[in-house]
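Written below as structure tokens is the structure these notes are about.
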Amino acid sequence: MSIIETGATLHEAHRDNHTHRDVNGGWLRPAVFGAMDGLVSNLALMTGVAGGAASQQTIVITGLAGLAAGAFSMAAGEYTSVASQRELVEAELDVERREVRKHPVDEMEELAALYVARGVEPVLAREVAMQLSRDPEQALEIHAREELGIDPDDLPSPTVAAVSSFGSFALGALLPVLPYLLGAAALWPAVLLALTGLFACGALVSRVTARGWWYSGLRQLVLGGTAAALTFGLGSLLGAAV
């Protein structure tokens, strides 16, 4: 095993092994949630209808309707949710911007107090706060990070969230319908393909969450399979009752 000998080499090794994933981009959560929701909800919807002894045509129409309705609903919900969150953050930033402009000395002292609370010497904390406060926009960014825990330059995009949700939900919801569109006459190919997709999605998510691929895949498989089995049973009961 080689040993790092120079400061320059140490710096390069640290830099190469100290990168982080983008956790604030706004696309991962809606994309993952959309794909899982599309798979589980449409599979459960179709198995519930199939459990009621519906015709093949009815099952296909139900699946396509579930795909369209769910994709548009997910996109609208994500856009509204992320846009509302962003508007709230921007309103708080405006409040902080006014405070920095109207009471610069008080805001500087507040920033210095935050650094002191983190263990910085009072004199040094005041000097750092004074230098950072010379630029109002930089001061605003520092206050936003320290007080609100946000990065003003990295707010999530409502459009990215909506598009991610729509596409991923539609793709996930398509899997249970696909075997029927390709000529399948029974439910089991749709169930098999959907469960395989759930396992694959769970395993894929592990690539960005550092979870074991088998654990993530099996978790999604069990959850989706349970939902499909329960709705099939409910459909069978309702079909027999009706």
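On a predicted model such as this, the values are computed, not experimentally measured, just so you know. Side chains are part of it too, since the values below use all heavy atoms of this structure and drop only hydrogens, waters and symmetry mates.
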Taking distance alone, no hydrogens or angles, what donor-acceptor pairs closer than 3.5 Å link side-chain atoms of residues 46-54 to residues at least two apart or in another chain?
| unit_1 | atom_1 | unit_2 | atom_2 | d |
| --- | --- | --- | --- | --- |
| Thr47 | OG1 | Leu43 | O | 2.9 |
| Thr47 | OG1 | Ala44 | O | 3.0 |
| Thr47 | OG1 | Ala228 | O | 3.3 |
| Thr47 | OG1 | Thr231 | OG1 | 3.0 |

Worksheet entry | Worked verdict on Lys102 versus Glu107 for side-chain contact (heavy atoms from CB on, under 4.5 Å) | CA-CA 9 Å; Lys102 293 180 178 179; Glu107 289 295 312; over 6 Å; no
Fill in: Residue pairs involving residues 179-191 (criterion salt bridge (Lys or Arg N to Asp or Glu O under 4.0 Å); sequence neighbours excluded)
none
Taking all non-hydrogen atoms of both residues into account, name the closest pair between [X] and [Y] and its distance.
| X | Y | result |
| --- | --- | --- |
| Val82 | Ala161 | CG2-CB, 3.6 Å |
| Met36 | Cys201 | CE-CB, 3.3 Å |
| Ser41 | Phe169 | OG-CZ, 3.6 Å |
| Ala186 | Pro189 | O-CD, 3.3 Å |
| Leu175 | Leu193 | O-CD2, 3.3 Å |
| Ala129 | Ser133 | O-OG, 2.7 Å |

From [X] atom [atom1] to [Y] atom [atom2], the distance as rounded to the nearest 0.5 Å:
| X | Y | atom1 | atom2 | result |
| --- | --- | --- | --- | --- |
| Leu218 | Phe199 | CG | CZ | 6.5 Å |
| Met108 | Arg134 | CE | CZ | 10.5 Å |
| Ile150 | Glu141 | CD1 | CD | 10.5 Å |
| Leu140 | Arg145 | CG | CZ | 11.0 Å |

Discussion item. Please check if the number of heavy atoms outside Tyr180 that lie under 6.0 Å from its OH is greater than 12.
Written reply: yes
Practice prompt. Step through the shown structure and confirm whether more than 12 heavy atoms of other residues, nucleotides or ligands are within 6.0 Å of CZ on Arg126.
Written response: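 Counting neighbours around CZ of Arg126, 12 or fewer heavy atoms of other residues, nucleotides or ligands fall under 6.0 Å, so no.
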Worksheet item: Side-chain contact, heavy-atom cut-off 4.5 Å: Glu137 with Arg97?
Response: yes
Fill in: Test item: Val89 and Glu92 side chains (from C-beta on) under 4.5 Å apart, heavy atoms
no
Quick check on the hydrophobic clustering: are [X] and [Y] connected, directly or via other members, by side-chain heavy-atom contacts under 4.5 Å?
| X | Y | result |
| --- | --- | --- |
| Tyr79 | Phe166 | no |
| Ile61 | Leu187 | no |
| Leu181 | Ile59 | yes |
| Phe72 | Leu45 | no |
| Leu230 | Leu39 | no |

Worksheet entry | Expected output: side-chain Glu90 to main-chain Pro152 donor-acceptor under 3.5 Å |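 Flag not set: sc Glu90 to bb Pro152 has no pair under 3.5 Å.
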Worksheet item: Does Arg86 use its side chain to pair, donor to acceptor, with the backbone of Pro156 at less than 3.5 Å?
Response: yes
List the atom pairs, donor and acceptor, that lie under 3.5 Å between side-chain atoms in residues 114-123 and the rest of the protein, sequence neighbours left out.
| unit_1 | atom_1 | unit_2 | atom_2 | d |
| --- | --- | --- | --- | --- |
| Arg118 | NH1 | Glu146 | OE1 | 3.3 |
| Arg118 | NH2 | Glu146 | OE1 | 2.8 |

